[in-house]
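Note on naming: letters A, B, ... go to the chains in the order of the sequence lines (proteins, then strands), and numbering restarts at 1 for each one.
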Amino acid sequence: MSDEFGQWNSLAKLWHTESAAVSTADIEQHARRQRQGLLALAIAEAAGFALVFIGAVWISMHTALIAMSALTIVFFATCGFLQHRMRREPPPSGGYDLLSSLEISIAREDWNLAQLGIGRVVTFLTFFAIVMVASNHLRFIETTPASKLWSLFAIALIVFAVLLWNVFLTRRARTRKRSLESFFTRLTTP
Amino acid sequence: MSDIAALGPPAMTLADASSLQRMLRAYAPMCHRLASSHEANPESARDLAQDILVAVWRAWPAFRQQCSERTYVARIAQYRIATHVGRAVREPRLTPLSDELVAGEPTPEDHAIRNDERAYLTAHVRQLPISLREVAVLLLEGFSPTEIADTLGLTPNAVSIRGLRARELLRASLENSDER
């Protein structure tokens, strides 16, 4: 070690004074809490998704809107596929060093944002289809049963809820990406 | 569910337990020091240290002697700290830094004084800019410049320059506080 780094020795002696005791029970408990939190989130997400899917299909079929039934099934199948794809992707393995680990994580957030972008496009297309079907029914509002219009409104609300969830996940991914980029910049700026 | 599966098995085998105990004995103090150098709140620092240790435990089977164990642990620790700091900078500071840091539990007088001095040093290390702090804490941990360059992904020259600047800033900061 060169002399300039040798001058850290006096500070290093002070730095190493205290040592914390840690038990394996603490670590295992911490890991268990993390697992439980993630599991609860995954279950809540899956349950919410299943409920809105069943609700939307029931509404479509109950009011004999065949086209809406098909559209609803395709919409939820696409969203479910994207969600499953994002969840299945293993967490970033990390790079050889801190900077490459940060780069890999930033790239992963970009990938997540791309999947969420596809989800938003699918959602807006579905909205467009709902509007087209609804406007067609509204043209003949005198002869259109109220239940059909209400069911279209309910499906639109469900699709809107999925859009809101997408926006929430997108904001979270963007925030994570910004914070990683911020740290990367601060680390590389002397 | 891959992120849940990646957290490791819910119950440890005997081999896992002994491996974890060895890792904790060897590296838990370093992880605590690294965590406290970036997090002023003691509870958050302890939480961060445990996050680091869990991450090290998960990554341990993937260790292929590509570097020393200590460097491997430091890399994982630095990455966990980076994600923690990235989140924390967006939150308002709840606990202002104070130069008067008192040890919580009753100890013999010499040990208490050393604890105060160490906490004092840690508080000043936290004041350093991130780019200098990362190098400074690893130097204080006893890493060589080459190991620091490997851990952070910087060039040895950059480590050298930042180490000098960090030392100057730290000494000036400590001296200024002593004069007050």
Side-chain angles (χ1 to χ4, degrees), chain A residues 1-2 4-5 7-9 11-12 14-24 26-39 41-42 87-103 105 175-190, chain B residues 1-4 6-8 10 12 17 20-21 24 28-29 32-33 46-47 49-51 53-54 57-59 62 66 75-76 78-79 82-83 85-87 89-90 114-115 117-118 121-122 129-131 134 139-142 144-145 150-154 158 160-165 167 170:
Chain A
M1 196 183 278
S2 65
E4 64 214 30
F5 290 105
Q7 293 178 30
W8 281 93
N9 285 345
L11 290 174
L14 183 58
W15 181 256
H16 286 266
T17 300
E18 187 183 325
S19 66
V22 180
S23 72
T24 52
D26 283 346
I27 301 305
E28 205 182 0
Q29 201 179 35
H30 190 84
R32 198 179 306 124
R33 271 202 306 270
Q34 283 185 343
R35 283 175 62 88
Q36 283 168 358
L38 279 174
L39 196 59
L41 177 66
R87 279 258 171 241
R88 251 190 65 190
E89 197 67 20
S93 57
Y96 182 74
D97 51 50
L98 176 58
L99 287 180
S100 57
S101 295
L102 288 171
E103 280 173 343
S105 292
T175 303
R176 269 199 306 266
K177 185 184 164 188
R178 261 200 308 272
S179 59
L180 290 170
E181 284 173 337
S182 163
F183 194 92
F184 187 94
T185 305
R186 288 163 79 186
L187 187 60
T188 50
T189 307
Chain B
M1 304 282 180
S2 60
D3 41 3
I4 298 166
L7 276 175
M12 285 190 293
L20 176 59
Q21 277 190 345
L24 285 180
H32 271 276
R33 288 190 296 266
R46 195 170 67 182
D47 218 38
Q50 290 188 336
D51 266 349
L53 290 167
V54 168
W57 177 28
R58 274 182 3 228
Q66 61 269 42
R75 277 185 201 150
I76 295 166
Q78 295 293 76
Y79 178 66
T83 50
V85 168
R87 279 199 300 272
V89 291
R90 307 188 69 79
R114 291 300 278 178
N115 267 346
E117 288 176 344
R118 190 194 167 272
L121 170 62
T122 308
I130 289 273
S131 56
E134 298 297 321
L139 283 168
L140 288 167
E141 285 294 331
S144 69
D150 279 347
T151 301
L152 298 181
L154 302 172
S160 176
I161 292 168
R162 292 183 194 194
L164 280 171
R165 289 179 58 198
R167 184 172 57 87
L170 202 50

With only heavy atoms counted, which part of Leu180(A) is less than 4.5 Å from chain B, the side chain, the backbone, both or neither?
-> side chain
Of all of Asp51(B), Thr122(B), Asp47(B), Ile76(B), which one pairs up most often with chain A through heavy atoms under 4.5 Å apart?
-> Asp51(B)
Between atom NE2 of His30(A) and atom CD of Gln34(A), what is the distance when rounded to the nearest 0.5 Å?
-> 4.0 Å
Spacing of Arg165(B) atom CZ and Ser131(B) atom OG [to the nearest 0.5 Å] = 6.5 Å
Thr189(A), Leu41(A), Thr188(A), Leu187(A): which one forms the most heavy-atom pairs within less than 4.5 Å of chain B?
-> Leu187(A)
Set of salt bridge (charged side-chain N to carboxylate O under 4.0 Å, His left out) partners for Arg176(A), sequence neighbours left out | Glu109(A)
Considering only heavy atoms, which portion of Glu134(B) lies under 4.5 Å from any heavy atom of chain A: side chain, backbone, both, or neither?
-> side chain
Using side chain to side chain donor-acceptor pair (under 3.5 Å) as the criterion, list what pairs up with Glu141(B), not counting sequence neighbours.
-> Trp15(A), Arg33(B)
